[in-house]
Structures are given as C-alpha cells and as structure tokens.
Amino acid sequence: MNSILEEVKQRLGKPYEDFEFLLRSLKEVLIENGEESIANEIPFINKYPFENGVQLTDKHIQMYSLVFQLVNMAEVNGAVQHRRAVENDQEFSSVRGLFANNIKDLLGNGVTEATILDKMPQMQIEPVLTAHPTEAKRATVLDHHRDLYLLLVSLENKMYSDKELLNIKHNIKLTLYRLWKTGEIYMEKPDISSELRNIIHYLVNVFPEVIPVLDRRLIQAWKACGLSKQKLLDHHSFPKISFGNWVGGDRDGHPLVTDTVTAETLELLRLNAFVVIRRKLIALVRQLSFACELTECSSDLQARIEEMLLELGDLGQEALERNKGEVFRQFTNLILAKLPVDTQRGHATKLSEHKGSYVYAHEMIEDLDLLKSSLLDYGAQSIAYDDVNIAIRNVQTFGFHLAKLDIRQNSAFHDKAIEQLLEAAQFEEYNFSEWSEEKRLAFLNKELKSNRPFTHQNAELGENAKAVLSCFRVVESHVSKYGGEGIGSFIVSMTRSLSDLLSVYLLAREAGLTVQTSEGLICEIPVVPLLETIEDLENGPEILDGFLKHDFTQRSLEHFRRVRSYRNLRQQVMVGYSDSNKDGGIIASQWHLYKAQFKLSEIGDECGVKITFFHGKGGSISRGSGPTHYFIKALPFESIQGNVRLTEQGETIAQKYENKVNAEYNLELLVANSLSKTILDEQNERKYHPLADVLDHLAIQSKLHYEALTHQDGFIQFFRQATPIDAIETSKIGSRPAKRTGANSLEDLRAIPWVFSWSQSRFHMTSWYGVGTALNKLKSENPKDYERFKEATQTDPFIRYVLTNVDTSLAATDESVITSYAQLVESDKVKTEFLNLFLSELQLTRELLLDLLGEVIEKRRENHYYSNHLRAPLMAHLHEKQIDLLKHWRSKKSEGKNVDKLQRELMLSINAIASAMRNTG
C-alpha cells in the first residue's frame, strides 16, 4: 500500500505529498496522546496489518474514514493551487469555465463589449440550498474540516518563517486530533432546526465574503480581456446573485415540516439577513473615516439626514452624535439605526420593528445609492465603487430575507386537501382526486373567477387541508407584513396535469394569497410545476402550454413583471434529475431532460414568456452532477435565458462551498457559463440537437434494457439484499424519511437512498446500466449513425457531458466488490441471474466507451484514475467489513435481538465508504 502512494505521488505530485504530510501529522499527534497502537496502523505510512486476515475494528473504520477525508481535502487544495499557478504562469483566461475564459470566447465570437455590459445585470443566478436525506457528516465534523483546510492552505504562504510554519503544523495536529475524537455519525436523527443552522452557516459566513471576491475577479477578467473597467463600474454591470432555501419549506413527504416550522424558518432567515447586513455596515463605518462636515456634503444627503432624524427620533439623534465631523460615517450610523433588530453585546439577537425602521430592502438600497453618489461628488471614487458597492451588493443579494424559502408539496396531497375543503363546505361531490381532468378543470375555472373562500379560518378541516392552509396562511402573514421577496415559489411535485397547478391557485385563495385587481384575480406567489419522471417530462410541454395560456396565470405573471421590474413575463419550471434517472437510467433521463427543456422554452417563446428552469440536481452523477461548465454548455438552446436556479444538496454544499476559495470558484463557474450560454443563444438561431434521431434511439434502447432489469421478477429482492438499503433506511442521517409512504416498492423509495445504496455496494448501476446495450445495438444495426455519434463525442457538449459522467461512474464501479455484495442474496437463482446481468452489461459498457473515447481510462482521466487507484485497497477491506456487518445485523434483527451496537458499526462503515466515494446519493 505504501508503494501505491509512492506511485501516485510520482504521477500527480504535490496533492499527495500534502496527503502524506497530513497522515504523518496524524500519527504524531496520536502517539503524543497515548494512541500508539492505532497510530502505527495508519495506512500508506505504516506496514499494512490487514493483508494477513486481521479483523477491522470500529477504530480502524473511523481511521479509514478520516484518511479518505484527508485525501479529499488534499485533492481540493491541489486543484485550487493548480488553478492559481495556471493563472499566474499563463494567460488569465487559461482556466476553462471562468470569467476571463468565457469573456474571451464571447469576444472571439463577435460579441461586443456593449452587449455583454447590457446582459450582465439582467442575469439572475440562484443556487437553492437543501437538506439531504443521506448527508452522512455531522455539522461539528464539517466545522473541523473548515479549520483544517484553512491551516493546510496557510502552508502555501511563502512569507512564513520556519517558527511560524511550526506553529501552523502544531495547529494542524490539534485539529486532526479533534477530528479523530469527534464522533462522525448521527446517533440521533438531525432535526430540521439543525439542518437549517447548517445552511444558515453558509448564507451568513461564506457567501457574503465570497460575493465581493467574485465581483473583483469579474473586474480583473474584464481588464485582462482589454475591456473598460470604468464602463463596468459606471453601469454597475454585475450579474445578480441570490439564494434559495428548502429547509423548513419542503414538505413533500416530510411530516415534520409544520406551519410552525415554516414560520420560525422565515423569522430566522430574516433575522440572519440583518446579521449579514450589520456586519457590512459596521465595516463601512470603519472605512468611511473622511473629515467632512454635514454642511459640506451634497444637499441631497443633507436632506435625507434630516428626514432620517425625523423618522427615528431619539435613536436617530444618538446615531448622528457619533463620529461628528465625519458625515459619511454619521449617515451610515443612521442606516444602521433603521435596521429592525434588537442588539445585545454588538450582535443582532431578535427582530424588532421600531419607529422609523426599514420594512423593505429597497428602502435601504436607496439610502446606500445616495451614499455612493455623495461619495462620488466628494471625489472618493475608489471607496464608492468598492466599499459602498460591496454593501449595496450585499443587500441586493441577501435582501431582508437572506434566502427565498420555497414551499413544496405533492400534487396528490393537494388533491386530498381540496377534497377535505369541499367536504367541509358541504359540497355533494367532493371526491376531487377521482374526477376526470375535464371535470376538474371546469370546476377550477368556475371557482377561480371569484375570490370567495370555501370555509372560514376556524372551520374544522381534515389533516391535509389543515396542513396546506396553515402553511399558506403563514406565507400570507409574512407577505402581507414584509412583501413577497422572502418567498420563492409554490412548487408542485409530481405535476401530472394542468389541474395540479390550478389547484394551488384555489388553495392560495383559501389562505388569502389571491388578490382582486382591476384585470381580475391574481396569486401573490408564483406556482411552479415540478416535472420529475420521464412521463412527466414528456407531458410537460402540453401542461405548460395550458398553464401559460390560462387567464389566471397570465394576470399573475403580469403582476410579477410589474412589481419585480422584470423586462419580460417569466415562468419558472422545475425539472427533476433524480426520479427521471430512477425511471429509465442515465441516457433516457438526460435526453428526456434535454428534449423537455427545448420544447418548454419553445412553448414559452410562443406565449411571450421567458422560462426560468429550476434544475433539481443532486450530488451524484445519477442525479445530474458533473462539472458545472460542462453541465451549462450541455443544456439545450435557450435553457438559460439569463436566469438559472439549481439545487445544491447536503454534502454537495460542503464539497463546493466549505472553503471560500473553492466556493468562489464554483459560483464563478455557474455565473460565467450561464452568461456565456445566454448571450451565444441570443446570437444564434434556435436549433434542435443535430443527432436527435440517434439520441432518441439510444434513449429508447437503454430505457428498455434498464426497465427490463428493474421490472424483472426478483429484482427488488436482489436490490434489498445485495445493497445496504435497509441499513440506510434505519439510519440517523437526515430528518426526512427514506420512503414517501413506507411501502417496500421501488416507486415509493426516494431517489436519493436508491442511488446511495447502489453506490455503497459499488454497482453504480443508475449511471451506466443500459448504456452498453444501447450503444452496441446502434453499432451493429446502424453503423453509420454509430460513426456519427463517435465523431460527436469530440465536439458535442451534450454528448461529451453525458459520456464524461458515465465514464466517471464506470471508474468507480468495481466488479469484485459487486460480486461480494451479491453473495448476500439468499436465493441462488436470483443471485446468479442478476449478477450475470450486471457484470455482462458492465463489461459491454466499458468496451463501448473505450471504443468511443479511444484511450484507456488511465490516460483519458488520469487524475480520476489514480485517485481511485489510491483508495481501492482500503475500500476493499471496508466493503468486506460492511458485508460481514450486514449479515450479522440482518440475522439478529430477524431474531428480534438488540442490534444497536451493530447498527452503529454499520453506520460507521457507510460513512467511511461515503467519504471514499466523495458522495452519498
């Protein structure tokens, strides 16, 4: 094993030298703390003790999990340092996917500076943070990771003396020891509040620090491409960035998300928005130490100060008394005084509206804009364009809501709620879910002409109606008090028909979220379809067409255009990557997503509405992961149109945004490529994929082969016995249940644990099964089409993206491990039958990808291959241990014995393998 590390160090260099340094530091600190035995069994730097059949203990499993975390960290840092070196040693535009690279490409394609300047402030990029039913790491562990990463980066600084470096190494050892002694797994299921705290950490402590860095990199890229920095600053042409959140609002199959939870979430988000704003304003007070009397500043600023003093009374006078003779500081103090919060010991502790306090974020932005223009009049251009711009950008990004809270619920749940409302209102017929679509639409169209509710607020309602309306009333209360900026959308999961969307308007009416205007009734919150399954994606264009042409929707979209100052009507559509993949495998899923987006944006064009796609992606390849710039470039024509939302889930949040340098890189990839894609699409004619006929064929054939597997007798038995799905279902690693209703069916199982369980046992079938058969059929039956496809692998963004992801997944798939897990299947017939199917399809897929891509994986994906090569020996022993644990755990459970100790060991093994794989579901 030591020789493997040496081999990888020779191939890939510094990241693995850093990895070895971390291992040796861990060994030292363990010995210093009396744990010499386990210290001498750390892999890669000691003689490996398990080749002679020695059994792994809990401590070894924990050790291996930590080892994998350290190699992950060293690789991330290696990638960061490599990008820095490339930008230093070569052109600034040399790193693919970043601002300079994209701006240079746009200019090379004949796009003018004026066009880019005009388009940038129209961009709206919104990552949406969500909890994760299989997030395996505790928040405390992630905190220690952040500390360790910063210390590791400190070692790159060439300015430190030898003594200072020794101190950094000392602190690295302490942090490693804290990680070693911190229990990694959840002993109790995390509650929603702890999941929300984790997300708020990023929104409060990471993103506010990253946005200014992102803006500076845009300015640097702009200058590096020979463009005018002054024009960029004068136009304030920065892409708009905001954030969304699902924790506390996503109630699809999550009974713990109550109206109280949603109300508390909205309040906590608002409070923390003021925490973020106060930090920037306090920094601004420090920075604006210019000697300038009140009488010397612009008349507009003097007038506004007088107004603020009247608005605030004694509080305003107190703020003005500070920093006399420094009017810009005084004005900023007044802005601080208008924040609707109470502070104790310098920290915002609770919301508190008072005389003169701000209600809406735009009020503060107007004051900050006045401060900026006054500083420009004063002559302090650098400060106006930097320090004050940062404060303005901060409020533009986070508002008074921090992140928009989406409310998601299942269409079937809404149907039940309407039935219970009709029953309470004493309708003779109230079995709404059983009505035909025609009958449902006739009823909804009639009802939506009136703003009359079915019931009063104190009416006795069934559980579904009570749950929906209590949540909607919380939203109504928040909107009536603070406006709609803090609410994202009402998302309807499993949207199957037009009536599924119109039903939400009806429920919104019941909660007071519809408003009578001179044109007619409108809804105050956008309603968004979520198209998840392949069938839903196919039916999506027809549903959207009916929805956009409905007069209620048209009035509502016009209302949003007016109040939100949009240039165009906008409608959001969410597309799901998880369930479509679970339905038909990776090629069918990706191609149906492509087709649906192309057709949906076409429908939008016909109706004069810009479609904003909300990509429901996850952290694994099966659920839409992959390099961000590859993903954006692979999208169909007009899939971006200046606006993009996408989910960032659980472990993906930590991987992308745990440290600020990597966080900026990942945000820059998203913003820069969305900008480039938007502009280039506008410069070109609408066109469908040139190989649509071939991709249709591959999608059909791969889906048929995938479905033949998943619908075959014995498949569920094989799946439930050859993977640790039953252990994952009983784990404590997410507040949401693994199943929607509790049934042991494939349909009921959520896509995330479905993918997680296959990855734990190294099948990874969700991201390659069916690909080999489909390609082989194309090659034998349509050799000319196969050659066309093969040529396209070199140039076509969509095909390259899909095949890169399949290739990555194949590299992580291990035949020997698959075979070992298959031995857990009790029926020899089922075991042999399905194992043969998996192994033969795996072999075929490997052969076809080699033929298409032309190089062995060691050459085509060198970094990926050697990273996996390093991990393989340790993982093999972890898999052996997990298989043994599963056998004993299942046996004892069936006998009704206590399995707590085995359960804990199993969770340790799941956590360790997840660390090694770098993702869960």
Does the side-chain contact (heavy atoms from CB on, under 4.5 Å) test come out yes or no for Arg800 and Lys633, once each step is laid out?
CA-CA 10 Å; Arg800 282 176 65 82; Lys633 289 183 190 306; over 6 Å; no
Salt bridge (Lys or Arg N to Asp or Glu O under 4.0 Å) for Glu91 and Lys104? Distances and angles first, verdict last.
CA-CA 11 Å; Glu91 283 188 20; Lys104 185 180 178 183; 3.0 Å; yes
One pair to check against side-chain contact (heavy atoms from CB on, under 4.5 Å): Leu646 and Val128. What are the steps and the verdict?
CA-CA 6 Å; Leu646 76 172; Val128 179; over 6 Å; no
Verdict with supporting geometry, Asn46 and Lys27, side-chain hydrogen bond (donor to acceptor under 3.5 Å, both in side chains)
CA-CA 10 Å; Asn46 291 298; Lys27 182 175 181 177; 2.7 Å; yes
One pair to check against salt bridge (Lys or Arg N to Asp or Glu O under 4.0 Å): Glu209 and Arg279. What are the steps and the verdict?
CA-CA 11 Å; Glu209 303 306 311; Arg279 284 181 187 172; 5.4 Å; no
Pair Glu35, Lys59 - check salt bridge (Lys or Arg N to Asp or Glu O under 4.0 Å), show working.
CA-CA 11 Å; Glu35 297 194 57; Lys59 271 199 168 184; 3.1 Å; yes
Evaluate the side-chain contact (heavy atoms from CB on, under 4.5 Å) criterion for residues Leu675 and Ile125: first the C-alpha distance (whole Å), next the side-chain angles of each, then the deciding distance (0.1 Å), finally the verdict.
CA-CA 10 Å; Leu675 170 71; Ile125 310 297; over 6 Å; no
side-chain contact (heavy atoms from CB on, under 4.5 Å) between Gln882 and Leu906: does it pass, once the steps are laid out?
CA-CA 6 Å; Gln882 188 180 86; Leu906 251 179; 4.0 Å; yes
Show the numbers, then the answer: is there a ring pair (Phe, Tyr, Trp, His ring centres under 6.0 Å) between Phe99 and Phe92?
CA-CA 9 Å; Phe99 277 133; Phe92 192 48; 9.5 Å; no
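Of the candidates Gln287, Arg286, Lys280, Leu284 forms a side-chain contact (heavy atoms from CB on, under 4.5 Å) with just one, namely Gln287.
For CG of Asn88, the number of neighbouring non-hydrogen atoms (other residues, nucleotides, ligands) closer than 6.0 Å is greater than 12. Residue His82 places its NE2 atom among 12 or fewer non-hydrogen atoms of other residues, nucleotides or ligands, all under 6.0 Å distant. In this structure, Arg11 places its CZ atom where only 12 or fewer heavy-atom neighbours from other residues, nucleotides or ligands lie under 6.0 Å away.
A 4.5 Å side-chain heavy-atom check between Val80 and Tyr149 finds at least one atom pair inside the cut-off. Residues Arg217 and Glu87 are in side-chain contact: their nearest non-hydrogen atoms beyond the backbone lie under 4.5 Å apart. For the pair Ile199 and Trp246, the minimum side-chain heavy-atom distance is 4.5 Å or more. Looking only at side-chain heavy atoms (C-beta outward), Phe207 and Ile241 stay at 4.5 Å or farther from each other. Put simply, the side chain of Leu203 reaches to within 4.5 Å of the side chain of Leu129, judged on heavy atoms. The shortest side-chain heavy-atom distance between Glu156 and Asp18 falls under the 4.5 Å cut-off. At least one side-chain heavy atom of Leu878 sits under 4.5 Å from a side-chain heavy atom of Phe68. The shortest side-chain heavy-atom distance between Lys656 and Thr628 falls under the 4.5 Å cut-off.
Here the straight-line distance linking atom CG of Leu26 with atom CD1 of Ile38 works out to 9.5 Å at 0.5 Å rounding. Summarising the geometry, atom CG belonging to Leu179 is positioned 11.5 Å from atom CG belonging to Leu174; distances are rounded to the nearest 0.5 Å. Leu152 CG to Ser25 OG: the interatomic distance, rounded to the nearest 0.5 Å, is 9.5 Å. Residue His877 holds its NE2 atom at 7.5 Å from CG of Leu56, rounded to the nearest 0.5 Å. The structure places OG1 of Thr175 at 5.0 Å from CG of Leu151, a figure rounded to the nearest 0.5 Å. The structure places CD of Glu75 at 14.5 Å from OH of Tyr866, a figure rounded to the nearest 0.5 Å.
Side-chain contact of His201 with Arg146: a donor-acceptor pair under 3.5 Å is present, judged by distance alone. Side-chain atoms of Glu905 and Ser909 include no donor-acceptor pair closer than 3.5 Å. Using modelled atom types and a 3.5 Å distance limit, the side chains of Arg871 and Asn72 yield a donor-acceptor pair. Between the side chains of Glu858 and His869, not a single donor N or O lies within less than 3.5 Å of an accepting N or O. With no hydrogens or angles considered, no side-chain donor-acceptor pair links Tyr202 and Glu658 at under 3.5 Å. Side-chain contact check for Tyr177 and Glu32: no donor-acceptor pair (N or O, by modelled atom type) lies under 3.5 Å. Inspection of the Asp191 and Ser194 side chains reveals an N or O donor paired with an N or O acceptor under 3.5 Å. Side-chain contact check for Arg96 and His629: no donor-acceptor pair (N or O, by modelled atom type) lies under 3.5 Å.
Checked for salt-bridge contact, Lys169 and Glu28 miss the test: no charged N lies under 4.0 Å from a carboxylate O. Glu17 and Lys14 are not joined by a salt bridge, as no carboxylate oxygen comes within less than 4.0 angstrom of a charged side-chain nitrogen. By the 4.0 Å N-to-carboxylate-O rule, Glu126 lies close enough to Arg645 to be salt-bridged with it. Here Arg24 pairs with Glu20 in a salt bridge; the nearest charged N to carboxylate O distance falls below 4.0 Å. In this structure, Glu855 does not pair ionically with Arg861, as no charged nitrogen and carboxylate oxygen lie closer than 4.0 Å. Contact check on Arg178 versus Asp147 returns no salt bridge, with no Lys/Arg side-chain nitrogen under 4.0 Å from an Asp/Glu carboxylate oxygen.
Between Phe243 and Phe398, the two ring planes are parallel [angle under 30°; tilted spans 30° to 60°]. Using the six-membered ring where Trp is involved, His60 and Tyr64 have ring planes that are tilted, between 30° and 60° apart.
When atom types are taken as modelled, the side chain of Ser867 and the backbone of Asn863 share no donor-acceptor pair closer than 3.5 angstrom. Judged purely by atom type and a 3.5 angstrom limit, Asp814 uses its side chain to pair as donor or acceptor with the backbone of Val817. Looking only at distances, no side-chain donor or acceptor of Thr397 sits under 3.5 Å from a matching main-chain atom of Asn394. A side-chain donor-acceptor contact under 3.5 Å links Asn673 to the backbone of Leu669.
For the pair Ile31 and Ala39, the tightest heavy-atom approach, listed with the atom from each and the gap, is CG1-CB, 3.6 Å. Taking each heavy atom of Lys660 and Val210 in turn, the nearest pair found is O-CG2, 3.8 Å. When all heavy atoms of Cys225 and Ile103 are compared, the pair lying nearest together is SG-CG2, 3.8 Å. Nearest heavy-atom pair, Ser154 versus Ile168, reported as atom, atom and distance to 0.1 Å: CB-CD1, 3.8 Å. In terms of heavy-atom proximity, Ala672 sits nearest to Gly97 at CB-O, 3.7 Å. Across all non-hydrogen atoms, the minimal contact from Ala812 to Arg762 is O-NE, 2.8 Å.
Taking the ring axis of Phe631 as reference, the NZ or CZ atom of Lys617 stays within 45° of it and closer than 6.0 Å to the ring centre.
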